Amino acid sequence: MPNLSVHVAVDAANLTRDRRGIGRYVRAMLTRWLGQRDAVRITLLVPELLLGRTRTRLAHMLARDDLEVRRRSAVRSLVPDIVWYPWNGMTWTSLFVNVATVHDVWPFVSPAPDAGRRRREQTAYLTMAAQTRAIIANSRFTQTEITRYLPVPESRVHVVHMGVDLPVDDRTGIRLQGAERYVLAVGEDEPRKDFATLRRAMALLPERLRRTTGLVIAGRSRSSQDGGRVALFEARRELTIEFAPVESAPELVTGEVSDAVLDQLYAHACVFAHALVQAITDSGSASALAAAGRIRAREFSWDRTAKSTLDVFSRVIAGARA
């Protein structure tokens, strides 16, 4: 743990809305830091005028009734050691030591065709590049992309790998309707996730497998979906997945799901993307891949991510004071 007690003010603007990967990451960090009051003080900064209602929602989300929640306009009076921006870029700035986390630089890799949207998305990154003392990247690849597309030297970019929620050991039963098994993909059904490639791979499966293997996309959809549902019945310990009747490969886009449902979707999936035919038809190969994945996942813990991030904060603070 860092030797100094660190006061971290957190841009929490998206915390109650983002149920995807970045939101999961921020919640994982806050949950761990809030349990380390001797090492870190956390203040959540929100733009909302209805502060009381926002505090209640955050307290429920983080299972804490002692949260320090302030409007971000109050940051000057707080005098934090660090202001942390975890949402890819900065839409507002502070006069203190700013650190941001970047998960990708998609607005530069694949710029939006609309000029207004492109300018808005890229400005948040360029502001971050100009206003932060350090940037945390979630991988070496992201670090390389940051230095490639933004005016940021590599020395300012610190790699901190994300953690993993380990698979549950207590699997429920499962009831499938409209398919005998399913392939799982997790993320919002949007072009940059390139689920189109996965759909093409599903379409190339042998006919017997294609008609009996469903595709479950656990995430929001930008188009309307007809039929199908996923539900977890805790009382009878059963995950139910129903695919709408179709002529080709069954598909279900679930929309946002709870962590409990996502855990069970992972637990029962026959494969997450690669070597579809082998993983579907060769149970030994699938079991070996699953076991190897669990071993690999144990190398990436949220506890380690939280500690490494605090270590970056402490080094940056020490550098700023020097």
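If you're wondering where the values come from, they're calculated on a predicted model, not measured in any experiment.
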>> Is there a ring pair (Phe, Tyr, Trp, His ring centres under 6.0 Å) between His268 and Tyr182? Walk through the geometry before answering.
In response: CA-CA 8 Å; His268 290 285; Tyr182 65 92; 7.6 Å; no
With a 4.5 Å limit on heavy-atom distance, are the side chains of [X] and [Y] in contact?
| X | Y | result |
| --- | --- | --- |
| Ile241 | Leu265 | yes |
| Leu78 | Arg70 | yes |
| Asn88 | Asp104 | yes |
| Phe108 | Leu150 | yes |
| Ile135 | Val152 | yes |
| Pro86 | His103 | no |
| Leu310 | Gln36 | yes |

Say whether [X] and [Y], considering side chains only, have a donor N or O and an acceptor N or O under 3.5 Å apart.
| X | Y | answer |
| --- | --- | --- |
| Arg156 | Thr132 | yes |
| His7 | Thr43 | yes |
| Thr123 | Arg120 | no |

>> Set out, in order, the CA-CA distance, both residues' side-chain angles and the distance that settles side chain to side chain donor-acceptor pair (under 3.5 Å) for Asp311 and Ser314, then state yes or no.
In response: CA-CA 5 Å; Asp311 288 343; Ser314 293; 5.5 Å; no
Measuring from atom [atom1] of [X] to atom [atom2] of [Y], what distance do you get when rounded to the nearest 0.5 angstrom?
| X | Y | atom1 | atom2 | answer |
| --- | --- | --- | --- | --- |
| Arg41 | Leu34 | CZ | CG | 12.5 Å |
| Ile136 | Tyr85 | CD1 | OH | 14.0 Å |
| Met162 | Ser301 | CE | OG | 11.5 Å |
| Arg72 | Ser94 | CZ | OG | 11.5 Å |
| Phe141 | Arg148 | CZ | CZ | 8.0 Å |
| Leu262 | Leu232 | CG | CG | 11.5 Å |

>> Run Thr172 and Glu238 through side chain to side chain donor-acceptor pair (under 3.5 Å) and show every step you take.
In response: CA-CA 5 Å; Thr172 65; Glu238 181 182 84; over 6 Å; no
> What residues, two or more places apart in sequence or in another chain, satisfy side-chain contact (heavy atoms from CB on, under 4.5 Å) together with Ala9?
Replying inline: Leu45, Pro80, Val83
> After noting the C-alpha distance and the side-chain angles of Asp189 and Arg199, does the key distance pass the salt bridge (charged side-chain N to carboxylate O under 4.0 Å, His left out) rule?
Replying inline: CA-CA 12 Å; Asp189 189 11; Arg199 289 182 171 105; 2.9 Å; yes
> For the residue pair Trp33 and Phe313, is the inter-centroid distance of their aromatic rings smaller than 6.0 Å?
Replying inline: yes
> Can Thr197 and Arg200 be said to form a side chain to side chain donor-acceptor pair (under 3.5 Å), step by step?
Replying inline: CA-CA 5 Å; Thr197 297; Arg200 288 195 295 271; 3.1 Å; yes
Strictly below 4.0 Å, N to O, side chains only: are [X] and [Y] in salt-bridge contact?
| X | Y | answer |
| --- | --- | --- |
| Asp303 | Arg32 | yes |
| Glu188 | Lys193 | no |
| Arg175 | Glu242 | yes |
| Asp18 | Arg27 | no |
| Arg19 | Glu256 | no |

> In terms of heavy-atom contacts, does CZ of Phe233 have more than 12 from other residues, nucleotides or ligands at under 6.0 Å?
Replying inline: yes
> Is atom CZ of Arg140 surrounded by more than 12 heavy atoms (other residues, nucleotides or ligands) closer than 6.0 Å?
Replying inline: no
> For the residue pair Pro250 and Arg210, what are the closest heavy atoms and their distance?
Replying inline: CD-O, 3.6 Å
> Does the Trp87 side chain pair with the main chain of Asp11, one donor and one acceptor, at a distance under 3.5 Å?
Replying inline: yes
> Passes side chain to side chain donor-acceptor pair (under 3.5 Å), Tyr25 versus Thr305? Steps please.
Replying inline: CA-CA 9 Å; Tyr25 155 67; Thr305 303; over 6 Å; no
>> So, applying side-chain contact (heavy atoms from CB on, under 4.5 Å) with Val8, which one of Leu30, Ile42, Val99 is it?
In response: Ile42
> Tyr149 and side-chain contact (heavy atoms from CB on, under 4.5 Å): which partner among Thr144, Val105, Leu126?
Replying inline: Val105
>> One pair to check against salt bridge (charged side-chain N to carboxylate O under 4.0 Å, His left out): Arg119 and Asp114. What are the steps and the verdict?
In response: CA-CA 9 Å; Arg119 181 170 56 253; Asp114 177 73; over 6 Å; no
